There are 2 protein chains.
Amino acid sequence: MEEKQDFIQNLSYDSVIFGFNGTQLKILILEYHNTGLFALPGGFVQMDENLEDAVKNGVRQRTGIQDIYLEQFYTFGGLKRSDPAAMDKILTQNNLDKEQYSWMMGRFISIGYYALINYEDVTPKPDELSDSINWYPIDELPKLMMDHEEMVERALRVLRHNLDRKLVGTNLLPHKFTMKQLQQVYEAVLGVGLRRTTFQRKMLSLDILVRHEKLFQGKAHKAPYLYSFK
Amino acid sequence: MEEKQDFIQNLSYDSVIFGFNGTQLKILILEYHNTGLFALPGGFVQMDENLEDAVKNGVRQRTGIQDIYLEQFYTFGGLKRSDPAAMDKILTQNNLDKEQYSWMMGRFISIGYYALINYEDVTPKPDELSDSINWYPIDELPKLMMDHEEMVERALRVLRHNLDRKLVGTNLLPHKFTMKQLQQVYEAVLGVGLRRTTFQRKMLSLDILVRHEKLFQGKAHKAPYLYSFK
DNA sequence: TATTATTGTAACAAAATGAGACAATAATTA
DNA sequence: TAATTATTGTCTCATTTTGTTACAATAATA
């Protein structure tokens, strides 16, 4: 870890970082060094740091993206969520002094945030304890440690819920996009197929889109319009 | 305070306790002893205690009700939310040793829960630092300390949002109730008037109600049916 | 110039909601 | 005992929203 750290004890955050590759909704999962343990990127909050800043900085470090869209989705406060055995394994495999890091073995209340980012802009970076950080489609996740699977479920539930109310598309798509791309985002998030004509009519009626020039993709059919959010 | 307390440091909870008196949606607000400071009931979490248990116990103590319906609505993590001056005032007026209670002056991350309770069953009890605890209609709240007004706003927003998805009526009404009472709950929560016929049709179509006997109120008009949730 | 695979929109059907009308009915009053 | 009153339960029709199908427009390619 860096310089002097004065973390709030027994408190952490975990982040579900969503990206959209054009077809699938994916999240970033990291694998701890030599443990076979997969987890969500997370961290701790400094005594003199805003909670949201801590999360934002953590997500910045994992993604390389500066401008992060965050939504808090739930706080996990059960006693049973801690897993000292797994923590011990992580410390061991990283050759960390268990005395010094004994605070990591305790009970944590963890605040869950999800981030929406433009998949193309990301260059994932593992954290200090991890070997790798990779994109996984939300329906092909590895087994996650502790209650991180429940976290993903909850994050997804809240994301689905926010789909209409908070411009989810803005953050998962490039600035300009076709109606088909937008529909694919909705389908990936909701996990269901949508009717093309109904979707288009609905989106246009909401009066949240601006229509731009056409996108000629060199395909042998009519070119779609590009849109952006108002 | 009771026995030995081993609280998680810099972490608290606050509760927005909703009740419905037949007309208005109200919440419980306490006033700290000799300070003129009004606040939401809150507390701290023991190191070996589930977050939700801590909140539930706190709400039990304030209301005298054992069976508490809780929903987490947001976690407040900003640095600026602490108000050392107000805390100092509360400690002073309660003749508490500032050395011993210095931990209360620090920065807190606070998890917000709302509770839904049957107004009639409550016997509000002030906490150790407070003179009074009283019901206030949500649109006639006194000025609240720290960010507690924002908390109420957020709690109400989430409650409104959950209105259709989570059986809000169950917890704010007696077991059996008339359609009019149910409508009044909806109107109080949403803060808008609803059309009687449309509301009735909608509720009946949802297939979540059981119709019971009629309620004869001794009024010179048709008696309404009583309902309960399935 | 015909073919192909989309895209944009129109058209109609079905479902949900808005708005009003009205008969049924518990007391009370004439 | 019969009219009166205020409210309740339900029906009807208008309006809006959504589901479904159809079809013309259009970029490339053959």
Side-chain angles (χ1 to χ4, degrees), chain A residues 20-23 160-165 168-169 173-230, chain B residues 20-24 160-161 163-165 168-169 173-230:
Chain A
F20 179 68
N21 76 340
T23 317
R160 283 178 178 152
H161 214 253
N162 287 163
L163 195 50
D164 289 316
R165 310 181 308 116
V168 168
L173 287 170
H175 179 64
K176 289 184 181 178
F177 49 86
T178 64
M179 192 61 80
K180 183 171 207 166
Q181 285 179 289
L182 185 58
Q183 182 175 344
Q184 283 170 327
V185 168
Y186 271 68
E187 291 177 333
V189 169
L190 294 175
V192 295
L194 299 174
R195 193 163 288 273
R196 184 181 63 90
T197 54
T198 311
F199 182 80
Q200 169 132 340
R201 177 176 56 191
K202 186 66 185 174
M203 283 298 137
L204 293 178
S205 77
L206 290 177
D207 204 40
I208 55 174
L209 298 178
V210 190
R211 181 176 281 183
H212 300 283
E213 73 279 8
K214 287 190 166 193
L215 171 66
F216 298 95
Q217 292 163 299
K219 300 284 178 59
H221 54 72
K222 193 171 178 178
Y225 287 106
L226 284 167
Y227 297 87
S228 65
F229 287 96
K230 264 188 181 165
Chain B
F20 180 69
N21 75 341
T23 318
Q24 288 175 301
R160 282 178 178 152
H161 214 255
L163 195 50
D164 290 317
R165 308 182 309 117
V168 168
L173 288 171
H175 179 64
K176 289 184 180 179
F177 48 87
T178 64
M179 192 61 80
K180 183 171 207 167
Q181 285 179 291
L182 185 58
Q183 181 175 345
Q184 282 170 326
V185 168
Y186 271 70
E187 290 177 334
V189 169
L190 295 174
V192 296
L194 299 174
R195 191 163 290 275
R196 184 182 64 90
T197 55
T198 311
F199 181 80
Q200 170 132 339
R201 177 176 55 191
K202 185 68 186 172
M203 281 301 137
L204 292 179
S205 77
L206 289 179
D207 203 41
I208 55 174
L209 298 178
V210 189
R211 183 177 280 184
H212 300 282
E213 72 279 8
K214 287 190 165 193
L215 172 67
F216 298 96
Q217 293 163 300
K219 300 285 178 58
H221 54 73
K222 193 171 179 177
Y225 287 107
L226 285 168
Y227 297 88
S228 65
F229 287 96
K230 266 188 180 165

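Heavy atoms only: backbone and side chains are in, while hydrogens, waters and symmetry mates are out. Chain naming here is simple, since letters A, B, ... match the order of the sequence lines and numbering starts at 1 in each. From a predicted model like this one, the values you see are computed outputs, not experimental measurements.
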| field | Partners meeting salt bridge (charged side-chain N to carboxylate O under 4.0 Å, His left out) with B:K222 (sequence neighbours left out) | value | none

| remark: B:K176 meets the salt bridge (charged side-chain N to carboxylate O under 4.0 Å, His left out) criterion, sequence neighbours left out, with B:E213

Nearest heavy-atom pair of [X] and [Y]: which atoms, and what distance?
{"X": "A:L209", "Y": "A:K230", "answer": "O-CE, 4.0 Å"}
{"X": "B:H212", "Y": "B:V210", "answer": "CD2-O, 3.5 Å"}
{"X": "B:L182", "Y": "B:F229", "answer": "CD1-CZ, 4.0 Å"}
{"X": "B:F177", "Y": "B:S228", "answer": "CE2-CA, 3.8 Å"}

| message | What's the angle between the local helix axes at either end of the helix from C:dT1-D:dA30 to C:dA30-D:dT1, using five pairs per end and rounding to 10 degrees? | response |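 One end's axis against the other's: 30°.
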
| Residues within residues 209-230 of chain B bordering DNA chain D, heavy-atom distance below 4.0 Å |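 Those residues whose heavy atoms fall under 4.0 Å from DNA chain D, taken from residues 209-230 of chain B in numerical order, are B:R211, B:A220, B:H221, B:K222, B:P224, B:Y225.
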
| remark: Given protein heavy atoms under 4.0 Å, the one-letter contact record of nucleotides 16-23 of chain D, with B base, S sugar-phosphate only and - none, is simply --BBBBB-

| said: Below 4.0 angstrom, which residues in residues 176-183 of chain B have at least one non-hydrogen atom near DNA chain C? | reply: none

| Does B:Q181 reach the side chain of B:V185, with side-chain heavy atoms less than 4.5 Å apart? |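 No, every pair of side-chain atoms sits at 4.5 Å or beyond.
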
| remark: Those residues at least two apart in sequence (or on a different chain) that pass ring pair (Phe, Tyr, Trp, His ring centres under 6.0 Å) with B:H175 are none

| field | For B:Y225, ring pair (Phe, Tyr, Trp, His ring centres under 6.0 Å) partners two or more places apart | value |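 Per chain and number, B:Y225 pairs via ring pair (Phe, Tyr, Trp, His ring centres under 6.0 Å) with no residue.
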
| field | side-chain hydrogen bond (donor to acceptor under 3.5 Å, both in side chains) against B:K180, all qualifying residues, sequence neighbours excluded | value | none

| field | Residues in side-chain hydrogen bond (donor to acceptor under 3.5 Å, both in side chains) contact with B:Q183, at least two apart in sequence or another chain | value | B:E187

| request: Hey, could you give me each pair passing ring-ring contact (aromatic ring centres under 6.0 Å, His included) that has a residue in residues 187-209 of chain A? Not counting sequence neighbours. | output: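 Residue pairs passing ring-ring contact (aromatic ring centres under 6.0 Å, His included), neighbours aside: A:Y186-A:F199.
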
Starting at [atom1] of [X], measure out to [atom2] of [Y] and round the result to the nearest 0.5 Å.
{"X": "A:Q200", "Y": "A:L194", "atom1": "CD", "atom2": "CG", "result": "13.0 Å"}
{"X": "B:L204", "Y": "B:K202", "atom1": "CG", "atom2": "NZ", "result": "11.5 Å"}
{"X": "A:L190", "Y": "A:D164", "atom1": "CG", "atom2": "CG", "result": "8.0 Å"}

| field | DNA chain C: 5'-most and 3'-most nucleotides touching chain A, 4.0 angstrom heavy-atom criterion | value |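 So the contact region on DNA chain C extends C:dT4 to C:dA11.
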
